[in-house]
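First the structure, in the form of structure tokens, and then the observations on it.
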Amino acid sequence: MSGIVCVFDRNGGDLASEALSAAVGAIDYRGPDGRGEWADGHVGLGYQQLRTTPQSAFANQPEHEAGVVLAADARIDNRPELLEALSITVPPEQVPDSRLLLAAYRRWGEACVDRVLGAFAFVVWDAEAEMVFCARDHFGVKPLYYHLDDDVFAVASAPKALLAIPGVSSDVSDVAVGDFLLHRFEDQTTSYFESVRRLPPAHTMIAGNDEERRRRYWDLDATRTVTLDSDAAYERRFRELFERAVERRLRSNGPIGADLSGGLDSSSIAVTARALLPDSEPLSTFSDVYDEAPSSDEREFIETVTRMDGITSEYIFLDDVGIVVDVDDVQRYLDHPPHDTTHFGKWERAKRVSDAGVRVQLKGELGDETVSHGLAYLPELLKTGRWLRLHRELSALSEVVGTPEHRLLRGNAVAPLVPTWARRLARRVRGEPTLVERANPTLDPTFVRECDLRERYRSLEPVVPLLDQSARYQQRQSLLSGRPTATFETLDQISAAFSVEPRYPFADVRLVEFCLAIPPSQQLSDGWTRSIIRRSLGDLLPDKIRRRPWKTMPGEAFNNALRNDDRRLQELLRNPEPVARYLDVEALEMSYERFTDTGGGVDSLALRKALALSVWLSEHRTVE
């Protein structure tokens, strides 16, 4: 959760020396443990430090040696392999991750990213090549934004650092706002500011005086398969990789915390971390709970984990919390409107983690994508004529979830094979809204036309050709979509506000590659979704969690939080000016009336979007 900045005046001027300090200062909250700057005429690098590993005490960023200067927000997981390959003789405990990256770049140049595993965003000034090189990790856990024009190339951990540079416009991007209101996050390059871009995950970028290029250095291969001798062999291999993924994320200079929702992902991380940590080191878990939203409360599952020795549990009660919390801080720290439906819970949880003196927080994001539910296996069985196996799985699934087999066949095997255009046509015939009107009924028609949001919505909607609709292909699409990227970026900004580093075991590259390559029958088996993790961790997970079919849905808690913000909603309806460019005020009032009468549905989501956008825009206005 450190912060990095690079400013490169491509014309050889002195902009870097003028702008660097302001840019670094704009993200001072990311560096409670120190600040460093390096400048040489037309180029400068800056760093804000948050220490979360033992080796970070030895970091002196920006690192520089023999004409190469580096600033990194990084946690490197394959340190032993890199230390050996780079022949580093300094004691490993004294080698910070930034020093490893510097040595890797000096040895392998741009290809260094092919050797590095972990969560990282880093920038390099190469004086001999007279260019800036930057890279972002495989899944975009660490953020990296940039501004590029004929005069300047600048890189930073947050847009606000780039906006502090003279000449970089703060105009809000209508395209990004449109995507936000439509809940589409597939575009991994746009930011909420016209002049700022995002470097996508698994990409590098180079900018020199008169050239720039971007390269994807890693991808997931949906054709690769792993074939082992038995179910037990798959279980052993998954367990080995999962334990390694958790263990790598336990490297810390302080106490470890973990989210614990009571679901399969967070519970698996918590019980594995507890098993790997020394008995003398407690594991602190943090859980959102609700007295007034029983259908969203998971204490009966959470307590099966927290009863274990060596776990200290903290509950965050959210019944009195509104959708938008700590408005002034949200405006300061977030460079986009709060994305997530349960943003309020994530914000309050990060606050409690910080108050508890925990700087490393294990989180379960990307779990659903990495350890697939396996339901895409059902249409694959239907399409390929393996109907006996399909019947067996549907029958077993029916017993597990309590849903009639014919409904599962129609909804989970047949429906996914219906083309998008046919589903859309059927909705039109029934008189139901489609495209943008279905996604958000409050959008202003003029805004939709000006930004051509219908075509953009259609172009961003994932369309999988029938021949490609295998379970493995669908899983790859979910892993590489823009939604996980947006989630990681949002959690980064929330966590940075409280000097906490989130770590995600399910984003471990080797674990992801294995889970994608195993047969779909390891994911959906005997009616149990996500079968591989249930079986592999059977001795650690409480049976109450291991054998629960689905996790609890947050709908009731979300609707209650929205009602808690009724005063702010009514104020928005009285004074809709902040969002009037984007939303139809009359349609917004109708959504409010429907939500007040019935609650839930698309109206609650539209109201949350409007409220979050209005709060954010009150600080970040588009310059006309």
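Here the structure is a predicted model, which is why all the values come from computation and not from measurement.
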- [ ] Please identify each residue that fulfils ring-ring contact (aromatic ring centres under 6.0 Å, His included) with F498, with sequence neighbours left out.
- [x] W347
Task: Residues D77 and R251 bridged, charged N to O under 4.0 Å - done: no
Open item on the list: If the threshold is 4.0 Å, N to carboxylate O, is there a salt bridge linking D565 and R568?
Closed with: yes
Task: Salt-bridge criterion met for D492 and R30 (N-O under 4.0 Å) - done: yes
TODO: For the pair Y192 and H339, name the ring-plane relationship: parallel under 30°, tilted 30 to 60°, perpendicular over 60°.
DONE: tilted
Task: Parallel, tilted or perpendicular: ring planes of F122 versus F120, cut at 30 and 60 degrees - done: tilted
TODO: Apply side chain to side chain contact (heavy atoms under 4.5 Å, CB included) to F139 and L366, showing your working.
DONE: CA-CA 10 Å; F139 291 106; L366 208 69; 4.2 Å; yes
- [ ] Look at the rings of H42 and F8 and say which category their plane angle falls in: under 30° parallel, 30 to 60° tilted, over 60° perpendicular.
- [x] tilted
Task: Ion pair R136/D73, N-O distance below 4.0 Å - done: no
Task: Residues K142, D137: salt bridge by 4.0 Å N-O rule - done: no
Open item on the list: Looking only at the side chains, is there a donor atom on one of E37 and S21 sitting less than 3.5 Å from an acceptor on the other?
Closed with: yes
Open item on the list: Under a plain distance cut-off of 3.5 Å, with no hydrogens placed, do S2 and Q48 share a side-chain donor-acceptor pair?
Closed with: no
Task: Pairs where residues 273-282 contributes a residue and the test side-chain hydrogen bond (donor to acceptor under 3.5 Å, both in side chains) is met, not counting sequence neighbours - done: none
- [ ] Could you tell me whether R248 and E243 make a salt bridge, using a distance below 4.0 angstrom between a side-chain N and a carboxylate O?
- [x] no
Open item on the list: Between R10 and D151, does any NZ, NE, NH1 or NH2 come within less than 4.0 Å of an OD or OE carboxylate oxygen?
Closed with: no
Open item on the list: I'd like to know if R349 pairs up with D259 as an ion pair, taking the criterion as any Lys NZ or Arg NE/NH1/NH2 lying under 4.0 Å from an Asp or Glu carboxylate oxygen.
Closed with: yes
Task: Expected output: side-chain S173 to main-chain A176 donor-acceptor under 3.5 Å - done: yes
Task: Charged N-O contact under 4.0 Å between R79 and E81 - done: no
- [ ] Using only heavy-atom distances, determine whether the side chains of T189 and R198 contain a donor-acceptor pair under 3.5 Å.
- [x] no
Task: Test: D33 and R359 ion pair at under 4.0 Å - done: yes
- [ ] For the residue pair D335 and Y145, confirm or rule out a side-chain donor-acceptor distance under 3.5 Å.
- [x] no
Task: Ring geometry between F488 and Y504 (parallel below 30°, tilted from 30 to 60°, perpendicular above 60°) - done: tilted
Task: Salt-bridge criterion met for K346 and D340 (N-O under 4.0 Å) - done: yes
Task: Side-chain H-bond candidate by donor/acceptor type, D126 with Y105, under 3.5 Å - done: yes
Task: Electrostatic pair R244:E247 at N-O distance under 4.0 angstrom - done: no
